[in-house]
Structure formats: C-alpha cells, structure tokens
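Shown next, in structure tokens, is the structure this report addresses.
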Amino acid sequence: MRHVIALDVGGTGMKAALVGADGTLLHEARRATGRERGADAVVRSILDFADDLRAHGREHFGGSAVAAGVAVPGIVDSEAGVAVYAANLGWRDLPMRELLSERLDGLPVALGHDVRTGGLAEGRIGAGQGADRFLFVPLGTGISCAIGIDGAIEAGAHGYAGEIGHVVVRPDGPDCGCGQRGCLETLASAAAVTRAWAKASGDRTADAADCAKAVESGDPRAIAVWRDAVDALAAGLVTALTLLDPRTLIIGGGLAEAGETLFTPLRAAVEERVTFQKLPSIVPAALGDTAGCLGAGLLAWDLLATDSEVSA
C-alpha cells in the first residue's frame with residue numbers, strides 16, 4: 001500500500017505516522033525528542049524515528065514509503081528545506097530536508113513549519129473545510145497562526161507570516177522574549193494563563209487547565225485571570241481579522257480544550273471590538289494534536305504531486 005512518512009517534531013516530543021494516499025493514518029507512534037541531550041541528539045532522534053517508520057512500512061504495508069513530510073517549530077525556510085532557528089531545540093540553519101532525505105536513501109522530503117503544517121490539515125480535512133480564507137490559531141506555550149488561502153498556507157516573503165503572538169496588544173505589558181513588551185503570547189497563551197493563575201491562586205503547580213476548571217466553579221480570582229487573557233486574545237484576533245479578513249477563525253491548542261468556557265466569552269469579546277469588519281466564524285480546531293502529523297503527510301503527498309506535474 002502506497003504511503004508516506006509524517007513527522008511532527010515538538011519541543012519535547014515527536015508524533016509520527018504512516019499516511020495513506022487517502023489521508024488514512026495507517027500507523028501512529030510517539031517518541032521523546034531527547035532535547036536534554038543537546039541539539040545533535042534531537043536530530044539523531046528524528047532521523048532514527050523516520051528510519052524506523054520506513055522499516056515498519058516495509059514490514060507491514062508491502063513496501064517502503066514514497067516520500068516524507070516533517071513539521072518543525074521555530075523559523076523554517078520550507079523552500080530551502082532548512083530549519084533556520086528553534087530556541088527550544090537548540091538548532092540554527094539545520095539542513096533538515098537534506099539530512100532526512102540522505103538517511104532515507106534519497107526519498108523526497110517536504111519540510112514545514114509546525115503551526116502552518118497543522119493549519120494545512122485543519123483547512124483541508126478539519127475545521128476549515130469549505131472556507132476559502134481562514135486563520136488557524138493554536139494557543140499553546142506561545143501563539144502563532146497559519147493563514148489559509150484557497151487550500152494553501154501563506155508563509156510570507158521570508159517564512160515569518162503568521163507570528164500573531166508578537167503583535168503588541170498592551171504596550172505596558174510583560175516583557176517578551178522577542179524584545180518587545182505586551183506581546184499577545186505573554187498575555188493569552190496557555191503558558192501565560194498558567195503563570196497568571198499560579199500567582200493568583202498561590203499554587204505553583206496550577207496550570208491553565210486548572211484555571212479553566214476554577215472559572216467553571218465560579219472562583220472570582222480565576223474569572224479575573226481568564227477575562228484578562230480573553231480580552232488580550234480578542235484584541236490580537238481583531239487586529240488579525242482587520243488585516244486579513246478571514247471567513248473562519250479556528251482556535252486550537254491547550255486553551256481551546258476548555259471548550260465553551262473559552263469560546264463563549266471570546267466570541268463576545270471579538271464581536272464587541274469589531275466595527276466595520278466582517279465577523280468571522282470562531283470555531284474550535286477539529287484535529288487536536290494530530291493536526292501537525294496529518295499536515296506533514298499532506299505536505300509529502302503534495303510534494304509527490306508537484307514532482308509528477310514537473311516530470312509530465
């Protein structure tokens with residue numbers, strides 16, 4: 001059975017799959033990145049994982065994978081196949097496509113940015129199906145977004161498109177690692193809510209999920225933390241929809257797991273801020289933490305289709 005290798009590399013773990021031509025997940029697996037052992041160890045882990053997936057395909061599906069797709073965090077030059085920078089994984093200017101193709105004996109390899117790759121999957125087979133223009137915004141440790149246009153994801157002239165987490169929504173807000181103050185992700189990411197709730201509750205082990213539960217139980221401290229994050233998020237999203245005019249806003253990541261505890265006040269806060277702009281649908285992501293892996297599979301199949309067109 002024809003299939004491709006799909007890898008979604010995160011800061012601490014990797015999700016992988018063998019994906020059939022119809023998008024079916026034929027095999028799924030997860031591993032740690034091993035980042036505590038350094039950047040070189042992370043690269044070895046990725047290459048070893050891909051090689052093991054290829055061997056699994058040979059054994060169970062009658063042949064080797066026909067291509068591979070890999071999604072990685074940080075700054076990515078997809079055209080050159082280079083992982084330019086990833087703070088959490090410790091690499092710079094890593095020729096990921098070349099290394100992976102070499103390990104897989106010349107197999108075609110597509111490289112993508114993790115959020116844009118997840119957005120590709122949400123747009124084609126997830127919550128964005130049927131939307132000609134959408135934004136996919138996962139709320140995790142940081143905040144980024146994928147800009148979907150007619151079934152493709154816009155990367156920008158330099159591969160930096162979609163960095164909504166670094167839109168300043170409160171100029172007097174917290175310092176951000178990018179060098180600015182009051183960036184959206186310092187106020188509305190899952191990590192930001194975790195920090196704020198740990199401080200407000202006095203429980204250093206409390207996280208964003210705990211805050212959501214406390215909101216549901218009516219804790220006024222949690223409600224204040226949650227309201228502050230939602231207000232900041234709405235401000236950032238309205239900036240994005242003013243610039244990009246999406247038909248659908250797809251919200252994913254850890255905070256989205258709170259369901260209507262997030263979506264009901266968020267929809268209201270966005271609606272309150274729009275003036276002349278058209279209000280988009282605001283919906284939860286449909287694919288959960290498999291989006292990046294599914295998107296990596298789509299990248300691989302798209303690469304084969306492009307190669308076939310060029311050959312023809």
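- Hydrophobic clustering of Ile, Leu, Val, Met, Phe, Trp and Tyr side chains at less than 4.5 Å, counting indirect connections, keeps Leu25 apart from Phe49.
- Here the CZ atom belonging to Arg58 is positioned 9.0 Å from the NE2 atom belonging to His3, to the nearest 0.5 angstrom.
- Checking side-chain atoms of Thr264 against main-chain N and O of Glu260 turns up a donor-acceptor pair under 3.5 Å.
- With respect to the salt-bridge test (charged N to carboxylate O, under 4.0 angstrom), the residues Arg2 and Asp22 do not qualify.
- Of the possible polar contacts, none joining the Gln180 side chain to the Val168 backbone as a donor-acceptor pair under 3.5 Å is found.
- Within 6.0 Å of CZ in Arg181 there are more than 12 heavy atoms belonging to other residues, nucleotides or ligands.
- Ring pair His56/Phe61 is tilted by interplanar angle, where 30° to 60° counts as tilted.
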Exercise for review: Before giving the answer on salt bridge (charged side-chain N to carboxylate O under 4.0 Å, His left out), spell out for Asp132 and Arg247 the whole-Å C-alpha distance, their side-chain angles and the decisive distance to 0.1 Å.
Suggested key: CA-CA 7 Å; Asp132 56 344; Arg247 200 171 304 279; 2.7 Å; yes
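- For the pair Leu304 and Pro108, the tightest heavy-atom approach, listed with the atom from each and the gap, is CD2-CG, 4.3 Å.
- Minimum heavy-atom separation, Asp245 to Arg133: O-CB, 4.3 Å.
- At a threshold of 4.0 Å, the pair Asp51-Arg44 does not count as salt-bridged, since none of the basic side-chain nitrogens sits closer than that to a carboxylate oxygen.
- Contact record, Ile46 with Met96: CD1-CE, 3.7 Å, taken as the closest heavy-atom pair.
- Asp48 has its side chain within reach of Arg103: a pair of non-hydrogen atoms, C-beta onward, lies under 4.5 Å apart.
- Ionic pairing of Glu59 and Arg54 is not present here: no N-O contact between side-chain nitrogen and carboxylate oxygen is shorter than 4.0 angstrom.
- The hydrophobic clustering, which links ILVMFWY residues whose side-chain heavy atoms are closer than 4.5 Å, places Phe136 and Val270 apart.
- Closest of all the heavy-atom pairs between Arg30 and Lys15 is NH1-CD, 3.3 Å.
- The minimum heavy-atom distance linking Ile164 with Gly236 is given by the pair CD1-O, 3.7 Å.
- When atom types are taken as modelled, the side chain of Arg116 and the backbone of Gly159 share a donor-acceptor pair closer than 3.5 angstrom.
- Once rounded to the nearest 0.5 Å, the distance linking CG of Leu233 with CG of Leu237 reads 4.5 Å.
- Of the charged side-chain nitrogens involved, at least one lies within less than 4.0 Å of a carboxylate oxygen, so that Arg31 and Asp52 count as a salt-bridged pair.
- Within the structure, the side-chain hydrogen bond (donor to acceptor under 3.5 Å, both in side chains) test picks out the following pairs touching residues 191-207 (sequence neighbours left out): Asp203-Thr205.
- With hydrophobic clusters built from ILVMFWY side chains whose heavy atoms lie under 4.5 angstrom apart, Val215 shares a cluster with Ile251.
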Side chains of residues 64-78: which donor-acceptor pairs under 3.5 Å do they make with residues two or more places apart or in other chains?
unit_1, atom_1, unit_2, atom_2, d
Asp77, OD1, Glu79, N, 3.3
Asp77, OD1, Ala80, N, 3.0
Ser78, OG, Leu111, O, 3.2

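- Rounding to the nearest 0.5 Å gives a distance of 7.0 Å between CD1 of Ile282 and CZ of Arg267.
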